[in-house]
2 protein chains.
Amino acid sequence: MLKISELAAKIGLSTHTLRFYEKHGLIHASDRSEAGYRYYNHADVRRAEFVKTARNIGFSLQDISQLLSIRVDKHSHSCQDVTDITQHKLNEVNTKLAELQSMQQTLQILLDSCCGGPENATHCSIMEALEESEDRNQLVAGNVK
Amino acid sequence: MLKISELAAKIGLSTHTLRFYEKHGLIHASDRSEAGYRYYNHADVRRAEFVKTARNIGFSLQDISQLLSIRVDKHSHSCQDVTDITQHKLNEVNTKLAELQSMQQTLQILLDSCCGGPENATHCSIMEALEESEDRNQLVAGNVK
DNA sequence: TGTAACCTTAGAGTTAACTCTAAGGTCAAC
DNA sequence: GTTGACCTTAGAGTTAACTCTAAGGTTACA
Ligand SMILES: [Zn+2]
Ligand SMILES: [Zn+2]
Ligand SMILES: [Zn+2]
Ligand SMILES: [Zn+2]
């Protein structure tokens with residue numbers, strides 16, 4: 001039986017975060033001392049580790065909540081239920097990746113265009129590019145080869 | 001002279017957002033009618049477009065604030081000032097890209113491992129992978145070839 | 001018996017960038 | 001002269017995932 005700070009140390013989350021997760025139904029302590037101290041048994045620890053692993057992968061707490069309901073009753077859920085959640089997350093990630101790649105490309109183009117030197121910015125090509133309104137300039141990702 | 005809804009339509013932001021940007025010092029209306037209506041002149045519009053372009057690229061409002069101070073006094077700032085902001089943003093983007101790419105890889109591995117079928121999840125390899133605590137499994141980005 | 005290091009709860013604060021509401025004033029057109 | 005579409009402000013609400021605080025109770029150890 002672990003106390004909350006021991007669980008926190010074991011899985012690498014703060015006690016604050018563990019209580020926060022409990023408040024949101026992700027974990028819980030099966031036992032309490034007379035004084036109300038939380039005590040985590042082996043199953044509690046494994047569930048907390050599951051949460052930590054899922055969070056490290058990038059699942060949201062809401063995703064994790066769904067994964068946990070599958071976990072407690074695997075017989076009532078299918079592999080498809082699991083891949084639905086995973087695929088949905090992957091789609092999100094891919095969308096954000098595309099946005100960031102577009103930003104990366106644009107920023108790199110801007111940096112390549114500017115001398116970056118110490119003289120004044122009256123001739124700066126980055127500033128000039130930002131003056132161009134969106135539909136006129138070359139900065140939009142789609143316009144970049 | 002444009003009224004706020006006209007400016008909003010012209011550059012594709014809501015009037016709420018324009019007022020929000022004003023509150024944060026990014027834009028402003030040079031004139032007001034007797035009743036207090038905002039009126040934007042040509043320079044105001046160009047500044048608002050600058051903000052919109054920078055925001056579309058992905059700069060934060062704080063970044064944009066810095067870019068605007070350069071913009072109003074280019075003689076007191078250097079190209080390096082501009083590239084510093086841009087490079088800093090690019091570094092941020094690259095960091096987030098790396099995180100997302102790691103997530104993408106992990107999610108793809110998970111999806112590839114699961115049958116995704118309609119039978120129950122007692123044998124699900126995704127669930128099994130999530131049961132493995134971080135330091136024992138193959139899901140960490142660095143561990144993936 | 002004292003004290004340091006724990007533990008409890010409820011609830012407020014943080015961050016970014018909006019987004020919306022309430023309550024009211026203004027304006028152009030019919 | 002009355003709609004309806006606009007405009008104003010201050011300020012509250014949204015989202016996610018924490019993060020921290022206050023005020024107090026508990027426990028292990030010397
Ligand atoms: Zn230069
Ligand atoms: Zn430059
Ligand atoms: Zn299966
Ligand atoms: Zn499966």
Side-chain angles (χ1 to χ4, degrees), chain A residues 1-40 44 48 51-68 85 88-89 92-93 95-96 99-100 103, chain B residues 1-40 44 48 51-68 85 88-89 92-93 95-96 99-100 103:
Chain A
M1 300 291 251
L2 301 183
K3 279 196 276 193
I4 194 164
S5 65
E6 293 164 340
L7 178 60
K10 184 175 170 73
I11 72 179
L13 292 171
S14 73
T15 58
H16 283 307
T17 297
L18 290 175
R19 291 195 199 93
F20 172 80
Y21 283 177
E22 180 180 305
K23 193 158 66 181
H24 286 72
L26 299 184
I27 63 173
H28 108 124
S30 296
D31 293 301
R32 291 278 185 138
S33 76
E34 288 202 357
Y37 285 25
R38 290 169 178 81
Y39 281 104
Y40 298 92
D44 297 336
V51 170
K52 175 80 189 308
T53 301
R55 199 211 61 166
N56 278 4
I57 288 170
F59 285 108
S60 70
L61 301 192
Q62 216 190 86
D63 294 334
I64 295 173
S65 191
Q66 288 183 66
L67 290 168
L68 286 168
I85 296 168
H88 183 259
K89 187 74 202 169
E92 271 178 33
V93 167
T95 299
K96 282 199 205 133
E99 282 168 20
L100 283 175
M103 284 172 56
Chain B
M1 299 291 252
L2 300 182
K3 278 195 278 192
I4 194 165
S5 65
E6 293 164 339
L7 178 60
K10 186 176 169 71
I11 72 180
L13 293 170
S14 74
T15 58
H16 284 307
T17 298
L18 291 175
R19 290 195 200 93
F20 172 80
Y21 283 177
E22 180 181 303
K23 193 158 65 183
H24 287 73
L26 300 183
I27 63 173
H28 109 124
S30 296
D31 293 301
R32 291 278 186 137
S33 76
E34 287 203 354
Y37 285 24
R38 289 169 179 81
Y39 281 103
Y40 298 92
D44 297 337
V51 169
K52 176 79 189 309
T53 301
R55 198 210 63 167
N56 278 5
I57 288 169
F59 285 108
S60 70
L61 301 194
Q62 216 191 86
D63 294 333
I64 295 173
S65 192
Q66 289 183 65
L67 290 169
L68 286 168
I85 296 169
H88 183 258
K89 186 73 205 170
E92 271 179 33
V93 166
T95 300
K96 282 200 205 133
E99 282 168 19
L100 283 175
M103 284 173 56

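Protein chains get the first letters and strands the later ones, always in sequence-line order, with residue 1 at the start of each. The model shown is predicted, which means the values in this text are computed figures rather than measured ones. Hydrogens, waters and symmetry mates are skipped; everything else that's a heavy atom, side chains included, is used.
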Solution key, residues 10-17 of chain A side-chain donor-acceptor pairs under 3.5 Å, sequence neighbours excluded:
residue	atom	partner	partner atom	Å
A:S14	OG	A:H16	N	3.4
A:S14	OG	A:T17	N	3.0
A:S14	OG	A:T17	OG1	2.9

Atom pairs and distances, side-chain donor-acceptor, residues 1-8 of chain B, under 3.5 Å, sequence neighbours left out:
residue	atom	partner	partner atom	Å
B:E6	OE1	B:K3	N	2.7

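Residue pairs that meet the salt bridge (Lys or Arg N to Asp or Glu O under 4.0 Å) test with at least one member in residues 12-22 of chain B, sequence neighbours left out, are B:E22-B:R32, B:E22-B:R38.
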Short N/O separations, protein against nucleotides 21-24 of chain C, under 3.5 angstrom:
none

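For the pair B:F20 CZ and D:dT14 P, the computed distance is 17 Å after rounding to whole Å.
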Readout for nucleotides 2-9 of chain D: B = base within 4.0 Å of protein heavy atom, S = sugar-phosphate only, - = neither; 5' to 3' it is ----BSBB

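For A:H24, the ring-ring contact (aromatic ring centres under 6.0 Å, His included) test picks out A:F20, with sequence neighbours left out. By the side-chain contact (heavy atoms from CB on, under 4.5 Å) test, A:T95 pairs with A:E99, sequence neighbours left out. The side-chain hydrogen bond (donor to acceptor under 3.5 Å, both in side chains) test applied to B:S30 returns B:N41, B:D44, not counting sequence neighbours. Every side-chain contact (heavy atoms from CB on, under 4.5 Å) that A:Q62 has, sequence neighbours left out, goes to A:S60.
Against DNA chain D, the stretch residues 58-66 of chain A makes heavy-atom approaches under 4.0 Å through A:S60, A:L61.
Nucleic acid contact class of B:Y21 (heavy atoms, under 4.0 Å, all strands): sugar-phosphate only.
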